[in-house]
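Structure first, commentary second.
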Amino acid sequence: MNRLAYLRASSLEEAKQALALPGSIALAGGTTVVDLAKLGAMKPDLLVDIGGLAGLDAVRVDAGRLHIGALARMADVSRNADVLRLAPAIAESIERAASGQIRNMATIGGNILQRTRCAYFRDASTYAACNRRTPGSGCAAIGGVTPNHAILGATDACMATYPGDLAIVLAALDATVHTDMRDVALVDLFAEAGSGRETVLADDEIITAVSVAADAGAARSSYLKLRDRQSYEFAAVSVALAVDLTGNGPQIRVAVGGVATKPWRLPSVEAVLRAGPPTRARIAEAAATAAGDARSTPDNHFKIRLLTRTLERALLTALDLS
Ligand code: FAD
Ligand code: SF4
């Protein structure tokens, strides 16, 4: 049994002071932290419960942007009228994540910062080597069972997939993550695989909100998630699109999940789609570039074709060509 202390923070300042202590970690809904602490994959000395901090759970529209508080519960956000109207893919991605019970507990900030589901990372008692758990210890997944691992962004140090759904949509929507210290583009929040850090955040930095522009692309956003079973499962591959049809040609932003070490934008696909009218041929050509930088194992090689086909299907559907 690991002994740990618990502090219910009553102010941001108190939370930050506690988070500056070595071995401390923020606790929001707790659905990742408690799970991993029980498994021994995380060994915090102090849980700093930020769940009671005031003013961090609101959803509001301000100066053309949709702001979602970091402590807003997933379930509440997926049912929020402004979210459904201004950025429906945010609601879609949450609805397809986890279970109703978890969505009632889990928060937006915690969802974005959830840890990988790599089985070797989670099974700390069997596998000592894991660069994400213990930087420099190696990677037990190399030569192991890897059908769920990443084909994009994988390195010799780590090939674990980023598991969340919401952050894939936020990447397509060019979301900004607001912390108590600064604003960071969501796509810049996550560190390189195996770098020894999960994100660029400081240990005592607290996410306060996330925001997206309430633009035409967000209003016509969509999320397609493929998985081994239809509910309560992480993505094998997922595609988030933001499609703006108000200009001369469509402006389409594309991000994918289930296949990459972090939420992954696909600029090569976006460039092909920008080059002319979105015909079936152009869509097929664009989708074919998606896995251009892929690095696969025999176990996860199937994801290359799966990614291409899923992206093609998502684009055809979003452009009413299916
Ligand atoms: P916590 O567990 O409290 O925290 C998670 C991490 O974020 C911790 O490192 C914590 O320190 C940090 N943190 C939390 N809030 C802040 C903040 N404001 N500022 C700084 N750091 C913070 N997710 C999906 O997207 N799709 C799925 O299909 C899915 N399926 C699941 C199935 C199961 C069985 C389980 C257990 C989980 C699943 N999840 C899935 C993950 C789940 O959505 C996350 O566990 C949850 O969203 C985490 O939110 P939380 O508030 O409970 O975070
Ligand atoms: Fe750890 Fe990454 Fe290797 Fe999994 S793939 S064992 S998370 S280093």
Side-chain angles (χ1 to χ4, degrees), residues 12 15-16 19 24-37 41-42 44 47-51 53 56-57 69-75 77 93-99 101-124 127-144 146 148-150 154-169 177-180 189 193-196 198-199 201-210 225 227 229 231-235 238 257-258 261 297:
L12 196 63
K16 285 186 72 67
L19 287 171
S24 64
I25 185 167
L27 178 82
T31 61
T32 286
V33 169
V34 174
D35 193 21
L36 291 178
M42 259 184 184
L47 295 180
V48 182
D49 188 346
I50 60 171
L53 297 184
L56 298 187
D57 61 353
L71 292 180
R73 304 277 170 188
M74 288 172 73
V77 174
S93 68
I94 295 174
E95 276 292 319
R96 284 161 184 65
S99 65
Q101 289 93 335
I102 291 170
R103 295 194 296 271
N104 283 337
M105 286 288 294
T107 65
I108 294 302
N111 185 269
I112 293 169
L113 295 180
Q114 66 180 281
R115 305 292 296 273
T116 180
R117 307 300 290 192
C118 171
Y120 302 96
F121 164 80
R122 290 171 62 82
D123 189 351
Y127 302 101
C130 173
N131 288 322
R132 276 191 193 253
R133 210 183 327 108
T134 312
S137 62
C139 173
I142 292 175
T146 53
N148 298 322
H149 285 69
T155 68
D156 289 340
C158 181
M159 55 174 145
T161 38
Y162 173 80
D165 292 296
L166 171 65
I168 310 309
V169 171
V177 175
H178 306 277
T179 79
D180 63 301
L189 181 70
S195 64
E198 291 288 308
T199 69
L201 299 180
D203 291 343
D204 66 342
E205 194 165 357
I206 293 175
I207 296 181
T208 53
V210 60
K225 175 177 180 178
R227 44 190 158 164
R229 55 183 178 193
S231 83
Y232 207 30
E233 187 55 276
F234 291 88
S238 67
T261 51
T297 66

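Positions are given from 1, in the same order as the sequence printed here. Just so you know, these numbers come straight off a predicted model, no measurement behind them. As the structure lists them, so they are numbered: ligands from 1, and atoms in each ligand from 1.
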Next item on the list: Identify, with sequence neighbours excluded, every residue that meets ring-ring contact (aromatic ring centres under 6.0 Å, His included) alongside Phe121.
Entry: none
Note to self: Within the 4.5 Å heavy-atom criterion, are Ile108 and Leu166 side-chain neighbours or not?
What the structure shows: yes
Note to self: What protein heavy atom lies closest to atom 11 (O) of ligand 1? Include the residue and the distance to one decimal.
What the structure shows: Ala26 O, 2.6 Å
Notebook entry, point to check: Where the closest heavy atom to atom 22 (C) of ligand 1 is concerned, which of Leu113, Asp204, Asp165 has it?
Noted result: Leu113
Checklist line | Flag, side chain of Thr161 to backbone of Thr261, donor-acceptor distance under 3.5 Å | finding: no
Check: For the residue pair Thr297 and Met159, what are the closest heavy atoms and their distance?
Finding: CG2-SD, 4.1 Å
Checklist line | atom 1 (Fe) of ligand 2: protein N, O or S atoms [distance under 2.8 Å] | finding: Cys130 SG
Item checked: Note: Asp165-Arg96 ion pair, threshold 4.0 Å (strictly below) -> no
Next item on the list: For Arg103 and ligand 1, answer yes if some heavy atom of the residue is under 4.0 Å from a ligand atom, otherwise no.
Entry: no
Note to self: Return the closest protein heavy atom for atom 8 (C) of ligand 1 as residue, atom name and distance.
What the structure shows: Val33 CG2, 3.4 Å
Next item on the list: Just say parallel, tilted or perpendicular for the rings of Tyr120 and His149, cut-offs at 30° and 60°.
Entry: tilted
Checklist line | Heavy-atom check, side chain of Leu189 versus side chain of Ile112, under 4.5 Å | finding: yes
Next item on the list: With the side chain counted from C-beta on, respond yes when Arg122 and Asp35 share a heavy-atom pair under 4.5 Å apart, and no when they do not.
Entry: yes
Next item on the list: Specify side chain, backbone, both or neither for Met74, according to which of its non-hydrogen atoms lie closer than 4.0 Å to ligand 1.
Entry: side chain
Check: Could a heavy atom of Ala157 be found less than 4.0 Å from some atom of ligand 2?
Finding: yes
Notebook entry, point to check: Please state which protein non-hydrogen atom is closest to atom 40 (C) of ligand 1 and give its distance, to 0.1 Å?
Noted result: Phe234 CE2, 3.3 Å
Check: To the nearest 0.1 Å, how far is atom 1 (P) of ligand 1 from its closest protein heavy atom, and which atom is that?
Finding: Gly30 N, 3.5 Å
Notebook entry, point to check: Heavy-atom contacts under 4.0 Å between Lys225 and ligand 1: side chain, backbone, both, or neither?
Noted result: side chain
Notebook entry, point to check: Which residue holds the protein heavy atom closest to atom 43 (O) of ligand 1, what is that atom called, and what is the gap in Å?
Noted result: Asn111 ND2, 3.0 Å
Next item on the list: For atom 3 (O) of ligand 1, state which one of Ala98, Gly110, Gly257, Ala28 supplies the nearest heavy atom.
Entry: Ala28
Next item on the list: Using a 4.5 Å cut-off on heavy atoms from C-beta on, say whether the side chain of Asn131 contacts that of Ser137.
Entry: yes
Next item on the list: Report yes or no: do Glu205 and Thr179 form a side-chain donor-acceptor pair below 3.5 Å?
Entry: yes
Notebook entry, point to check: Which residue and non-hydrogen atom of the protein lie closest to atom 50 (P) of ligand 1, and at what distance in Å?
Noted result: Gly29 N, 3.6 Å
Checklist line | For atom 44 (C) of ligand 1, the option (of Thr107, Asp180, Thr31, Leu56) bearing the nearest heavy atom | finding: Thr31
Notebook entry, point to check: Quick one: does ligand 1 sit under 4.0 Å from the side chain of Glu233, the backbone, both or neither, non-hydrogen atoms only?
Noted result: backbone
Margin query: Just to be sure I read this right, does ligand 1 sit under 4.0 Å from the backbone of Ile102, its side chain, both, or neither, counting only heavy atoms?
Written below: side chain
Check: Relative to ligand 1, is Ile50 under 4.0 angstrom through side chain, backbone, both or neither, heavy atoms considered?
Finding: side chain
Notebook entry, point to check: Which protein non-hydrogen atom lies closest to atom 19 (N) of ligand 1, naming both residue and atom, and how far is it?
Noted result: Ile207 N, 2.9 Å
Margin query: Between Asp57 and Arg73, does any NZ, NE, NH1 or NH2 come within less than 4.0 Å of an OD or OE carboxylate oxygen?
Written below: no
